[in-house]
Each structure stands twice: as C-alpha cells, then as structure tokens.
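One structure is given here, and the rest of the page talks about it.
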Amino acid sequence: MISFESDYTTGAHPEILQRLLETNLEPQPGYGEDAYCRSAKEKIRQALCDEQAEIFFLSGGTQTNAIVASSLLQPWQGVLAAQTGHIHGHEAGAIEAMGHKVLALPEHLGKLDPGELADYLAAFYGDENREHLVWPGVVYLSHPTEWGTLYSKQELADISALCRKYDLKLFLDGARLGYALASPECDVTLQDLAQLCDAFYIGGTKVGALCGEAAVFPRGGMPPHFLNWVKKHGGLLAKGRLLGVQFDALFTNELYARLGQNGIDRAVELKQILARHGVPFYLETPTNQQFVVLPDHVIHSLEARGIRCGFWSKPDPEHTVVRFATSWSTTPEDLAALDAALGQTI
C-alpha cells in the first residue's frame with residue numbers, strides 16, 4: 001500500500017532509529033533529565049538563536065496543545081482560534097476537558113485575519129459586561145494551517161503585537177512546522193518564531209520521528225512548575241530519553257530541515273502529476289498538503305490499486321474532497337505509482 005493519507009503513516013527515519021538502537025542499553029536518568037534531552041535542547045536553542053529558551057518534550061500534538069495552552073491560561077480565560085483550528089475541530093474537546101473554552105473566530109483559508117482579531121479584542125474590552133464572559137487569554141495559530149496555508153512574517157508580527165497590546169499569549173502549533181520552513185513561500189524562520197511567540201512547538205511526529213513534539217517557551221517564558229503541570233495531566237514520560245534521542249538526531253546535520261524539504265519537493269511533483277491528469281484542485285497549497293476533488297469511483301479505483309488518500313468533505317453525493325499529503329518518507333517511486341494509477345482510472 002502507498003499512503004498519501006497523512007504525514008505520519010510511516011514510522012521513523014533510519015537515522016533516528018539507529019540512534020535509538022545505539023543508545024538503547026545506556027542507563028540514563030528519567031523524566032527528561034537525561035543527557036540526550038539536554039543535548040537536544042541546546043541544539044534547538046542554537047537553532048532559535050535564543051539561549052534563554054526553555055524546552056520540554058511531549059509525546060503528541062493534542063497532548064501538547066492541551067497542556068501548553070492550559071498552562072498559559074488563568075481559570076477564567078479561553079483560547080482564540082480559527083474556526084478550522086485543530087484544537088477546535090479535531091481534538092475531541094481536549095482544551096475544554098482542561099476547563100477552558102475555545103473561542104472560535106472566522107477563518108480565511110485556515111488563517112486568522114489580524115484585522116478581525118483586532119476588531120474582536122476591541123469589542124471585547126469595550127463590553128461593559130465582559131466580567132460575565134470567558135476572557136481571551138491565548139491566541140492559537142497553526143503554521144502550516146489545517147489547510148496547508150502559511151502565515152506571512154508580517155501577519156505573525158501583527159498578531160503578536162495585538163497579543164502584547166492586550167496581554168495575551170501567542171501559541172503556535174508547529175506539528176507540521178518542518179514543511180512550513182521548507183516551503184519557498186515561507187518567509188518565517190525559527191528565529192522569528194522565538195521573537196514573536198510566547199510558546200510554540202516543533203513537531204517531530206509528522207516530520208520523521210516515531211513520536212514527539214518539542215514545546216518551546218522563548219526568552220525563558222516557561223510557566224512556573226510546568227513539569228508538575230505536565231505530570232498532573234498524564235504527559236510526563238518516565239523514559240523521556242526516547243524523545244530526547246529523537247530530537248537530538250533531528251537537530252544533528254540538519255536532518256529536520258532535510259526531512260521537511262523532502263516533503264516539499266515531493267509535493268511539487270505531486271501537484272504536477274495531479275495537474276497533468278486534469279484533477280481539479282479544491283485548494284492548492286505551498287506546503288505538503290494538497291486538496292483535490294475526485295469522483296468517488298476514482299477514489300475506489302485508486303484504493304483497489306493500493307493507493308490511499310485522506311477524506312476531507314463531501315461536496316455532493318458522487319464526489320469527495322480528498323487530501324494528498326506528502327511527507328519526509330514520500331519517494332519518487334510512490335509518486336510514479338500514483339501517476340500510473342491515475343492514468344488508468346481517469
């Protein structure tokens with residue numbers, strides 16, 4: 001089977017597996033106090049150009065979103081997010097389970113508009129009854145968005161300025177950050193994120209690791225007693241080394257950048273194949289996720305040939321919007337197989 005369903009359908013890059021194997025029997029302290037977590041953190045700080053950055057390794061994206069966001073909030077506060085934001089639509093109420101509300105705002109190709117955010121905040125603080133409302137405490141963004149789109153540096157700077165004006169925290173979901181950074185249309189760097197955000201994470205699960213996300217609090221901004229907060233919510237791994245080894249490998253010899261680049265290079269080839277076969281794009285993006293409209297019989301035919309894509313929505317009874325996602329592990333041979341299969345079905 002060849003899967004374009006998502007970017008985490010394969011295991012881990014061989015360099016990461018090799019490092020896990022090499023270090024497997026080496027005794028190390030638990031709970032992230034091992035030498036590999038320390039080394040990975042230092043390499044990430046160097047990549048951020050922020051020696052004060054505090055970093056904590058967690059196992060998955062939903063866990064990271066819920067724990068980080070809730071640690072930044074007061075009990076009376078909620079999280080502002082786009083209507084399509086992952087925390088709003090695809091995390092089964094994880095934020096709400098922490099006792100906080102997701103305050104959904106309109107989305108524009110998956111993004112929050114800085115002007116609309118400014119209008120919302122002005123209206124909220126102009127409401128004399130606001131003591132009876134859920135107060136905004138965190139602005140949540142994802143980069144890339146759930147639609148594979150990107151924020152520009154100026155958009156992030158504008159949102160960051162609003163957060164500082166209203167004393168909000170800016171939290172960026174970087175589950176697919178490696179693919180954003182590799183996109184030629186991205187003008188945002190890790191160093192920019194360290195300057196503009198109060199918290200963000202560097203996704204490993206979708207960019208070559210078996211599992212793991214590196215939660216980053218720039219400029220020494222980790223909330224007090226964060227480890228206690230993580231443990232209280234079931235997120236503290238006894239064998240934290242498993243995450244440290246992986247991120248140490250990802251930030252050695254630019255592996256993280258190379259894996260993100262593979263996803264983008266293969267996405268360019270994917271778009272060419274889809275266009276050559278006349279497949280209509282629902283949304284063509286600058287990252288590793290492409291959204292197209294296919295007749296259902298074509299989807300079934302591809303599946304019969306061992307090629308899978310991801311369901312997105314049903315515009316009518318006979319067609320489906322599907323997502324094709326490339327990744328760190330997508331090969332030219334995978335794309336050649338898709339090309340041949342489309343040629344036989346369309």
### Query
Centres of the Phe200 and Phe171 rings: under 6.0 Å?
no
### Summary
Heavy-atom closest pair (Pro286 atom, Lys271 atom, distance to 0.1 Å) is CA-NZ, 4.4 Å
### Task
Taking only Lys NZ, Arg NE, NH1 and NH2, and the carboxylate oxygens of Asp or Glu, determine whether Arg258 and Glu15 approach each other closer than 4.0 Å.
yes
### Task
Kindly indicate whether a cation-pi arrangement holds for Lys231 with Tyr31, taking the cut-offs as under 6.0 Å to the six-membered ring centre and within 45° of the axis.
yes
### Message
Can you give me the closest heavy-atom contact between Phe217 and Pro223, atom names plus distance?
### Response
CE2-CD, 3.4 Å
### Query
Can you list every ring pair (Phe, Tyr, Trp, His ring centres under 6.0 Å) pair that touches residues 298-326, not counting sequence neighbours?
Phe4-Phe324, Trp147-Trp312, Phe291-Trp312
### Query
So does Asp158 pair up with Lys153, basic N to acidic O under 4.0 Å?
no
Donor-acceptor pairs are to be reported for all side-chain atoms of residues 334-346 against protein atoms at under 3.5 Å, with residues two or more places apart or in another chain.
unit_1: Asp334; atom_1: OD1; unit_2: Thr331; atom_2: OG1; d: 3.3
unit_1: Asp334; atom_1: OD2; unit_2: Thr331; atom_2: N; d: 3.0
unit_1: Asp334; atom_1: OD2; unit_2: Thr331; atom_2: OG1; d: 3.2
unit_1: Asp339; atom_1: OD1; unit_2: His277; atom_2: NE2; d: 2.6
unit_1: Asp339; atom_1: OD2; unit_2: Arg276; atom_2: NH2; d: 2.7
unit_1: Gln344; atom_1: OE1; unit_2: Arg305; atom_2: NE; d: 2.8
unit_1: Thr345; atom_1: OG1; unit_2: Ala341; atom_2: O; d: 3.0
unit_1: Thr345; atom_1: OG1; unit_2: Leu342; atom_2: O; d: 3.4

### Message
Walk me through whether Trp229 and His233 qualify under ring-ring contact (aromatic ring centres under 6.0 Å, His included).
### Response
CA-CA 6 Å; Trp229 193 254; His233 294 292; 4.8 Å; yes
### Carboxylate-amine/guanidinium proximity below 4.0 Å for Lys101 and Glu96
no
### Query
With the threshold set at 4.0 Å, does a side-chain nitrogen-carboxylate oxygen contact exist between Arg45 and Glu51?
no
### Query
Can you name the nearest heavy-atom pair linking Glu213 to Gly204, along with the distance?
OE1-N, 3.5 Å
Just distance, no hydrogens or angles: give the donor-acceptor pairs under 3.5 Å from side chains in residues 239-246, sequence neighbours left out.
unit_1: Arg241; atom_1: NH1; unit_2: Glu26; atom_2: O; d: 2.5
unit_1: Arg241; atom_1: NH2; unit_2: Thr23; atom_2: O; d: 2.3
unit_1: Arg241; atom_1: NH2; unit_2: Glu26; atom_2: O; d: 2.9
unit_1: Gln246; atom_1: OE1; unit_2: Leu210; atom_2: N; d: 2.7
unit_1: Gln246; atom_1: NE2; unit_2: Cys211; atom_2: O; d: 3.3
unit_1: Gln246; atom_1: NE2; unit_2: Leu242; atom_2: O; d: 2.8

### Task
May I ask you to check if Lys43 and Phe247 form a cation-pi contact, with NZ or CZ under 6.0 angstrom from the six-membered ring centre and within 45° of the axis?
no
### Task
Taking atom types as modelled, find out whether Gln289 and Thr287 have a side-chain donor-acceptor pair closer than 3.5 angstrom.
no
### Query
Got Asp192 and Leu156 here, is their nearest side-chain heavy-atom distance under 4.5 Å?
no
